[in-house]
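One structure is given below, encoded as C-alpha cells.
Below, read A as the first sequence line, B as the second, and so on, with proteins coming before strands; counting in each chain starts at 1.
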There are 2 protein chains.
Amino acid sequence: MLTPEGRLTYESDMLTLYKGIPDVVVLPTSTAEVQAVVRICREARVPVVPRGSGTGLIGGATAPLGGVMVSLTRMTEILELDLVNRCATVQPGLINLWLTNAVRERGWFFAPDPSSQMVSSIGGNVATNAGGPHCLKYGITTNHVLGLEIVTGTGDVVSVGGKAADRPGYDLTGTMVGNEGTFGLVTAITVRLLHLPEAVKTALASFASLVEASEAVSAIIAAGIIPAALEMLDDAMIGAINAAVGKVYPDGAGAVLLIELDGPLAEVEAQAERVAAICRERNALLVTVARDEAERALLWKGRKEAAGAVGRITAAYLLQDAVVPRSKLPQIMREMVAISKRHNLLFANVFHAGDGNLHPLICYDDRKPGELERAQQANEELLHACIALGGSVSGEHGIGMDKAKNLPLQYADADLNFMFRLRRVFDPDGLMNPAKLLPSHPACGEGFRPSRPTLPAGTWV
Amino acid sequence: MLTPEGRLTYESDMLTLYKGIPDVVVLPTSTAEVQAVVRICREARVPVVPRGSGTGLIGGATAPLGGVMVSLTRMTEILELDLVNRCATVQPGLINLWLTNAVRERGWFFAPDPSSQMVSSIGGNVATNAGGPHCLKYGITTNHVLGLEIVTGTGDVVSVGGKAADRPGYDLTGTMVGNEGTFGLVTAITVRLLHLPEAVKTALASFASLVEASEAVSAIIAAGIIPAALEMLDDAMIGAINAAVGKVYPDGAGAVLLIELDGPLAEVEAQAERVAAICRERNALLVTVARDEAERALLWKGRKEAAGAVGRITAAYLLQDAVVPRSKLPQIMREMVAISKRHNLLFANVFHAGDGNLHPLICYDDRKPGELERAQQANEELLHACIALGGSVSGEHGIGMDKAKNLPLQYADADLNFMFRLRRVFDPDGLMNPAKLLPSHPACGEGFRPSRPTLPAGTWV
C-alpha cells in the first residue's frame with residue numbers, strides 16, 4: 001500500500017495520543033509471506049510493526065519509527081476445528097466473536113471476551129493477553145492458548161505448545177502470549193474451546209456508593225462464589241447510559257453491580273439467591289434477578305453501550321487499566337474520589353470489579369488548555385496509588401507505548417533487565433515493534449534505543 | 001555437609017538410573033543464604049544443583065558434574081496466607097500436602113496433587129510443573145502459580161508475577177515454572193488456593209479391554225463432563241493391587257476407570273448418573289458409584305497403593321510419562337499392546353486417561369542380561385508412537401537427564417535454539433543444574449557442553 005492516504009489509516013490504534021505513519025503497509029495471506037517480509041526487513045534493518053484490527057488501547061499497533069506495518073486482516077481462516085480435543089487452530093486476523101459464532105450451534109464457545117470482541121482479532125488478543133468481563137471465571141487469553149506458530153524477529157518459523165496438556169521444555173507459549181509483537185508475528189493460534197454453560201443468570205444490585213458496592217464484591221467472592229462476570233458502574237456512567245439508551249439502570253444509585261452466574265441450572269439458581277442475599281446484607285438499595293433472556297439482555301445492554309454513551313458527558317477521556325488486589329477495592333475507590341476532587345475532573349467508572357481491574361474514564365475537555373495535562377497527572381497519581389496497594393499498571397489492555405514508562409513503578413531493575421534480554425532472544429536486532437512494551441531504561445544500560453532507519457530503495461511492497 | 005556418606009544420600013532422585021554425588025551439600029534457610037551460595041558458586045564457576053524432596057522421576061535433582069547441591073528442605077515456611085485474595089506465599093521446601101492441611105479446616109485447598117504430594121515439595125512441583133490425578137479439571141502446577149521469587153544464575157533476586165490477575169510485560173512467571181532449576185533457585189512461591197468443592201462422588205467402571213475403556217473416556221469428555229479425575233488401570237495393575245491390598249477392583253476386567261466428580265451437590269449427582277449411563281452404553285462390565293466416604297476411600301485405596309503394589313509383579317520397571325491427544329487413546333493402547341508383545345515385556349498401566357497422559361510401567365528383570373536394554377528400546381518405540389500421534393515426550397514428570405535426548409523428537413532446531421538462548425538469559429555461565437532439561441544439540445552449535453569443574457580450595461560449606 002503506497003499512497004499517503006492509504007497509510008494514514010494505519011497511523012494509530014484506538015489510543016490516538018500516539019501516532020506514527022508506517023512507510024509501507026503489507027497485507028500477507030500466509031505464514032510464508034509473513035516470513036518473507038520479516039527476512040527482507042531484517043536484511044534492510046527496517047522496523048516491523050504487526051497490526052490486527054487496530055482496536056488496541058495502548059498505542060501498540062502504530063509505527064512511531066516508520067518501517068513496515070504488517071496488517072494481518074487477510075489471515076482470517078479457521079485452520080482446524082478439533083472438538084474431540086476441545087480446540088481450534090486459527091489465523092491471527094480472525095475476529096474473536098467469529099470463532100464462537102462458528103461453534104456455538106454445536107454447543108461450544110471461545111471464552112476470552114474483550115469488550116471489542118465483535119471487531120478485535122484473536123491475534124491482537126494474544127498480542128496483548130486481552131481480558132474481558134467473563135475472564136473473572138474463565139481466565140484471560142493466555143489461559144486459553146494451547147499453542148502458537150510465530151515468525152520470530154530472526155526470521156524463523158517456530159511452533160510452540162500444541163494440543164497436548166503439558167509442554168516439555170520451557171513454556172515458550174506462555175512467554176509468547178502478551179509479547180505485543182516484540183518477539184515476532186504470530187501466524188497461527190491453537191485455542192481451547194469450552195462447552196456453553198447449561199444456564200446463565202444475571203442480577204443487578206444498586207448501592208449508595210462505590211465503596212459499598214466494592215464491599216459487596218469482596219463478600220460475594222469470600223462466600224466461595226466466582227461469578228462468570230462481576231461488573232461495576234458508577235453514577236456518572238449510569239447517568240450517561242440511561243441518557244443514551246433509555247432508563248436501564250436505577251436512578252439515584254452511587255454504583256450498580258452487574259453479576260452474571262453460569263453453569264448447571266441447579267447451581268446457578270442456588271447461587272443467584274445467595275448473591276441476592278449477600279447484596280441485601282451489604283445494604284443494596286435494589287436487587288433484581290433477570291427472569292428471562294429478554295430481561296437479561298436489557299441488563300447487559302447498558303454495559304455494552306457504555307463506551308458509546310460516554311460521548312454524552314465528556315469531549316475526551318483517558319482510559320485507565322490499572323489493577324488492585326480485589327480486597328483493596330474499597331480503599332482505591334476512596335482514593336479515586338479524592339484524586340478526582342483534587343484535580344476537579346469527572347471520573348466515570350465501568351470496570352471488572354471481580355478482578356480488581358479498574359477502568360476509570362478520566363474525563364477532560366481537550367479544547368481547554370491544560371486540561372489534558374491535568375487528566376494525565378490524575379492518571380499517574382491513580383497508577384501510583386494502585387501500585388502502592390500491591391496492584392499492577394495494566395490489567396488487560398497491555399503496555400504498548402502508553403504504559404512502558406510506568407513499568408519501573410512495578411519492577412526492579414533486575415526484573416526489567418531480564419525482560420530486555422528475553423526480548424533479544426527472539427529479536428536480536430531490535431526491529432520487532434520497537435518502542436513498545438519496555439521502557440528505555442537508563443539503569444540497565446541496555447535499553448532499547450532505536451533510531452529512525454532509512455528505507456533502502458526498492459523495499460516498497 | 002562434608003562426609004561422603006552424608007553426600008551419598010543425595011546421589012540421585014527416584015530415577016536411580018542417573019547418579020552423581022555432589023561435592024558439597026548446603027541447606028540454606030533464607031533467600032539471602034541462597035543468593036550467597038549462587039554468588040560464591042558463580043565466582044568459583046561451580047555447578048549449582050537445586051533439590052527439593054528428591055522424589056522426582058527424571059534424574060533432575062542429581063549432580064552428574066559434581067558441584068554444590070542446594071537442598072531446600074529447611075525452607076518450609078508458609079510466609080503468608082491471604083484468603084481474601086485466595087492465595088498463599090510459601091517457601092519452596094514446603095511439602096505439597098502441608099499447604100492443604102493448613103487451610104482445609106477453613107474450606108480451602110491447593111489443587112495440584114502429584115501422587116507424591118505427601119512427600120514432594122511445592123518448589124519441586126514448580127521446578128517440574130508437576131501434574132496429578134486432579135489436574136484434568138483443575139490444571140497443572142503452572143495454572144496455580146501467581147508469582148515467584150527466584151535467585152537467578154546471575155545471582156540476582158528477581159520477583160515475578162504477584163497477587164494481581166495479569167502481569168504487565170512478559171509473562172516471566174509462566175516461563176519460570178518448569179525450568180527445573182536451570183534458570184536459578186525459586187525461593188518463594190505465591191500460589192492460588194481454591195474453595196473445597198461442596199460434594200465429591202467417585203465411580204468405578206470396568207471394561208473388557210483398555211481400548212474400550214479409552215473409548216468411554218472420550219465419550220465422557222465429549223458429553224461435556226470434565227471429571228475432577230479420570231484414571232485408568234489395566235489388568236496387570238489390577239492384579240498387582242488386588243494381591244497387595246485385598247480385592248478392591250473387580251477380577252477379570254481388562255481395564256477399570258476410576259472417575260471422580262466434584263462440585264455443587266446437585267451437579268455432581270446429575271453427572272454421576274450420566275457418567276454411569278455412558279459407561280454402560282460403552283459396554284462396561286460393571287459400574288459402581290460409591291455411596292459414602294468409606295466406599296469412596298476404598299475405590300481410591302487401590303490407585304494410591306499402585307506404586308507399592310508393583311513390586312509384586314516385577315523386579316524393576318521403567319516409568320513412561322508420554323502424552324497423546326485424548327482422542328488418540330484407543331489407538332495408542334493398541335500400539336502399546338503390540339510393542340509389549342514384540343519385546344515380550346509386561347506393561348502395567350495406571351494413568352491419567354482424561355489428560356491422555358500415559359504412565360505405563362515397562363517391567364523388566366534387572367538380573368537378566370539384556371532385559372534393561374530391551375525395556376529401554378520398547379520405551380523409545382512407545383515415545384516415538386506418541387509423538388507420531390501428535391503427542392508429547394513428557395506430561396507431568398519433567399525432562400531432567402532422562403528425556404533431554406528426546407526433545408528433538410518433538411521440537412525443530414529453531415525451537416531448541418530459542419530454548420538454549422532463553423536459558424542463557426537467566427544463567428549466562430551455564431552453571432545452574434547443568435546437563436538437565438535440554439539436549440546437547442549438535443545442530444544448533446550452541447548446545448550446553450559442560451565440563452567437570454574443579455572446586456577451588458576453601459569452598460566447602
Point to revise | Sequence neighbours excluded, every pair satisfying salt bridge (charged side-chain N to carboxylate O under 4.0 Å, His left out) that has a member inside residues 139-149 of chain B | key: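 Found none.
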Going by heavy atoms in the side chains, are [X] and [Y] under 4.5 Å from each other?
X        : Y        : value
A:Arg86  : B:Arg326 : yes
B:Lys403 : A:Pro168 : no
A:His195 : B:Ile226 : no
B:Thr154 : A:Arg421 : yes

Quick check for you: among [options], which has the greatest number of heavy-atom pairs under 4.5 Å with chain B?
options                                : answer
A:Gly224, A:Ala414, A:Ala270           : A:Gly224
A:Ala222, A:Gly263, A:Ser159, A:Ala404 : A:Ser159
A:Gly178, A:Cys87, A:Pro264            : A:Pro264

Check your understanding: Out of B:Thr152, B:Asn143, B:Val177, B:Asn357, which one racks up the most heavy-atom pairs below 4.5 Å with chain A?
Key -> B:Thr152
Study note, to complete from the structure: Ranking B:Ala266, B:Gly356, B:Gly169 by heavy-atom pairs under 4.5 Å to chain A gives rank one to B:Gly169
**Study point:** Residues forming a ring pair (Phe, Tyr, Trp, His ring centres under 6.0 Å) with B:Tyr170, sequence neighbours excluded
**Key:**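 Per chain and number, B:Tyr170 pairs via ring pair (Phe, Tyr, Trp, His ring centres under 6.0 Å) with A:Phe183.
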Part of [X] within contact of chain B (heavy atom distance under 4.5 Å):
X        : answer
A:Leu422 : both
A:Ile221 : both
A:Asp415 : both

Practice item. Nearest 0.5 Å please: distance from the NZ atom of B:Lys328 over to the NZ atom of A:Lys163. Key: 7.5 Å
Review point. Which heavy atom in B:Val84 sits nearest to a heavy atom in A:Ser327, and how many Å separate them?
Key: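 Looks like CG1-CB, 3.1 Å.
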Check your understanding: Closest approach of A:Val425 and B:Phe418, non-hydrogen atoms and distance?
Key ->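 Scanning both residues, the minimum pair turns out to be O-CE2, 3.2 Å.
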Sort [X] into side chain, backbone, both or neither according to what part of it lies under 4.5 angstrom from a heavy atom of chain A.
X        : answer
B:Asn179 : both
B:Ile399 : side chain
B:Thr173 : neither

Exercise for review: Would you tell me whether A:Thr175 and B:Asp171 have side-chain atoms, one donor and one acceptor, within less than 3.5 Å of each other?
Suggested key: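 There is no such pair between these side chains.
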Review point. So does A:Glu273 have more than 12 non-hydrogen atoms from other groups sitting under 6.0 Å from CD?
Key: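 No, the 6.0 Å shell around CD holds no more than 12 heavy atoms from other groups.
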